Amino acid sequence: MPERDSGGLVDSLLARVGVAASDLPGRARALVNLAFVSIVLAIVWGLIASVADQPREWLLPAGALAVLGIVLIGVAAVVAIRGEPAGPDAGPGTEVPGGRFVIGCWLGRRTVASGAIRIEGAPAGLPSSQAVSVFVEPEPERLGPEQQGSDSMFDAVVSKIAATIRSALAKEGFEGFAAIGVGTPGIVDLASGSLSLSVTFPVGTNITHELARRLFAREPDLIRRAFPGVEHEDALRSRIYVDNDVRCIARNDLSQSSWREFTSIYVASGVGAGIVVAGEVHYGAHGSAGHIGHVELEGTGNGLRLTTGHVLGPAHCDCGYDGFHFEPFANYAGLLRIATTVAGEDSATTLGVIRQHFDQQGVRRDDFCRDGLAKVIAEADKELDHISVEMRPLFDRHPQVVKFCDEVLDAYVAVLAGGIGTLTNIVDTGRLFMSGPLIETLARNRCFRSYLQRHLPHHLLDRKAQPDLQRTDATQGLWRGAALLAWDPAFHRRRMRV
């Protein structure tokens, strides 16, 4: 069983007893927490002594505790006035910028989002959830397929960042942003922000340079107001950090939990993993760890056999490889391919009626698997009275859809288990956080978890290594984990490596 970090529990207890001090710097806040406890104990002791009708000598400890509390409050005031360092110590040779207010952005294949977090105190390392609060909630926007990788996608994220800044400037207590963090799919050069493998923008696109240039070209006055000391494009560029999107999810999961060994896996249009080892996001020797979507599921070339007995041939992967990479079999396209294969010629009408149902609802063919098929499978285990109103006619008129969805789900989860099993055999982190629109949708079907628990052991060398499966929210993790880049010592150590 993975080792728990007791620090998370202590932080949680201190946060509960010291809510009134939440706006103070970290050390001052800790002193106020202790003062609060001391004074409460003094009051309780005094009440006990009074009720028990004890001699006055019994009140001396209560008085000492009260004096101690007052002294601690005075020391806390001195610490608060003097202030604390702006960022954590990341170790020798590593500077971590930190900052109380940070913007986080998600640049997905077709989705853009921007929000802001607020950090309390000066955490020594990646802040725990108790120190992180949402300052500006993001409003994700899904773009059309024709906008993917285009200038309009950059324009959309610039608009989102500008909206985040305007919201922040209107809020009380805002002191200026320290940095912008960006999470995006593919392989990122951490030092420069360039994409060396990308499914969003052309390979070689420099996210850092493009965002800085476009923000200053469009909103120079707004940027200067929001970023103290930033007067030109180069200065803003030095405050923009970019990382792989799934590692951003893992970073947020690390901030939210006390687990120090785990893996976060994301499944949607792409498939990836963020690996956490010894309480840090793991980058590997070249910064490319976690690309689970590109492991080989089938090595003989004879085809990937499904639980239904059907066989899938090789598929084209976004990385340019034709074969049996995990991603094109487990992503949206993979789910649709499995459904089409399971349907076959004799029962093609089943898949056809599902398509027709969503055509009538105005769902684009490009989005059929995401906004249609996956949602039907998610509801296929429910009684008709509990199915959503928009899908009830489909299940009512075509009862064969239930059996078809169950077969597709079982076959898909078996493929998913193959990739998770490979990952577990390599890293054995003990806990697996699952996220991404596809997994989060399919997991609403109660059979999803039982199918995964049934298929996964067949892919494990050590049956005891079956991971503890947990779900997490990718939408929150993507932008919040990107914002936390400014505070992550592991990221900055890897970024500064020559």
Side-chain angles (χ1 to χ4, degrees), residues 22-27 29 80 83-91 94-106 113-138 157-158 160-183 190-191 193 207-209 211-212 215-216 219-243 248 251-252 255 478-496:
S22 60
D23 289 334
L24 292 173
R27 293 175 187 170
R29 182 182 176 187
E84 295 186 296
D89 180 10
T94 305
E95 294 183 4
V96 178
R100 194 175 185 195
F101 297 92
V102 189
I103 293 175
C105 300
W106 174 32
S114 171
I117 60 173
R118 175 177 176 167
I119 307 295
E120 303 299 345
L126 190 69
S128 65
S129 58
Q130 288 80 16
V132 182
S133 61
V134 175
F135 192 65
V136 178
E137 190 74 44
V157 76
V158 166
K160 291 292 182 185
I161 293 173
T164 298
I165 292 173
R166 289 191 175 92
S167 296
L169 288 169
K171 289 179 177 287
E172 185 178 352
F174 177 61
E175 301 166 0
F177 287 116
I180 300 174
V182 182
L190 303 182
I207 301 293
T208 301
H209 285 224
L211 278 184
L215 282 167
F216 247 96
E219 302 280 1
D221 294 335
L222 187 68
I223 298 301
R224 291 188 179 100
R225 285 175 61 202
F227 289 84
V230 172
E231 296 294 332
H232 50 78
E233 180 184 321
D234 290 342
L236 179 62
R237 187 184 304 146
S238 67
R239 299 195 187 191
I240 299 177
Y241 309 110
V242 187
D243 197 6
C248 289
R251 182 175 297 105
N252 185 66
S255 173
L478 285 161
W479 76 268
R480 288 175 62 134
L484 288 171
L485 282 170
W487 284 87
D488 187 355
F491 168 76
H492 289 282
R493 280 200 299 272
R494 189 65 191 82
R495 177 173 169 267
M496 299 305 293

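This one's a predicted model, so the numbers in the text were calculated from it and none came from an experiment.
- Between the CG atom of L215 and the CD1 atom of I165 there is a distance of 6.5 Å, given to the nearest 0.5 Å.
- The CH2 atom of W106 sits 5.0 Å away from the CG atom of L478 when rounded to the nearest 0.5 Å.
- Across all non-hydrogen atoms, the minimal contact from A482 to C105 is CB-O, 3.5 Å.
- Not a single side-chain hydrogen bond (donor to acceptor under 3.5 Å, both in side chains) links S255 to another residue, sequence neighbours left out.
- Partners of T208 according to the side chain to side chain contact (heavy atoms under 4.5 Å, CB included) rule, which considers only residues two or more places apart in sequence or in another chain, are N206, R237, I240, V242.
- Residues meeting the side chain to side chain contact (heavy atoms under 4.5 Å, CB included) test with A483, sequence neighbours left out: V102, I117.
- Contact annotation: the side chain of P127 approaches that of L484 to within less than 4.5 Å [non-hydrogen atoms, C-beta and beyond].
- One finds the CE atom of M496 at 11.5 Å from the CG atom of L190 (value rounded to the nearest 0.5 Å).
- Smallest separation of non-hydrogen atoms from P138 and A113: CB-CB, 4.4 Å.
- Residues meeting the salt bridge (charged side-chain N to carboxylate O under 4.0 Å, His left out) test with R239, sequence neighbours left out: none.
- Checking side-chain atoms of T164 against main-chain N and O of S114 turns up a donor-acceptor pair under 3.5 Å.
- Atoms CD1 and CH2, on I103 and W479 in that order, are 10.5 Å from each other to the nearest 0.5 Å.
- The side-chain heavy atoms of E137 and S167, taken from C-beta on, include no pair separated by under 4.5 Å.
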Practice task
Go through the steps for V157 and V182 under the test side chain to side chain contact (heavy atoms under 4.5 Å, CB included), then give the verdict.
Solution key: CA-CA 10 Å; V157 76; V182 182; over 6 Å; no
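- Residues V230 and F216 are in side-chain contact: their nearest non-hydrogen atoms beyond the backbone lie under 4.5 Å apart.
- Distance check, rounded to the nearest 0.5 Å: CZ of F135 to CZ of F101 gives 4.5 Å.
- The salt bridge (charged side-chain N to carboxylate O under 4.0 Å, His left out) pairs that include a residue from residues 168-183 are R100-E175, where partners are two or more places apart or lie in different chains.
- Between the CD atom of E120 and the CD atom of Q130 there is a distance of 12.0 Å, given to the nearest 0.5 Å.
- Not counting sequence neighbours, the partners of R251 by the salt bridge (charged side-chain N to carboxylate O under 4.0 Å, His left out) test are D243, D488.
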Could you give the side-chain donor-acceptor pairs of residues 220-229 under 3.5 Å, partners two or more places apart or in another chain?
| unit_1 | atom_1 | unit_2 | atom_2 | d |
| --- | --- | --- | --- | --- |
| R224 | NE | E231 | O | 3.2 |
| R224 | NE | E231 | OE1 | 3.3 |
| R224 | NH2 | E231 | O | 3.1 |

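- In terms of heavy atoms, G99 sits closest to W487 at O-NE1, 2.9 Å.
- In this structure A163 satisfies the side chain to side chain contact (heavy atoms under 4.5 Å, CB included) test with no other residue, sequence neighbours excluded.
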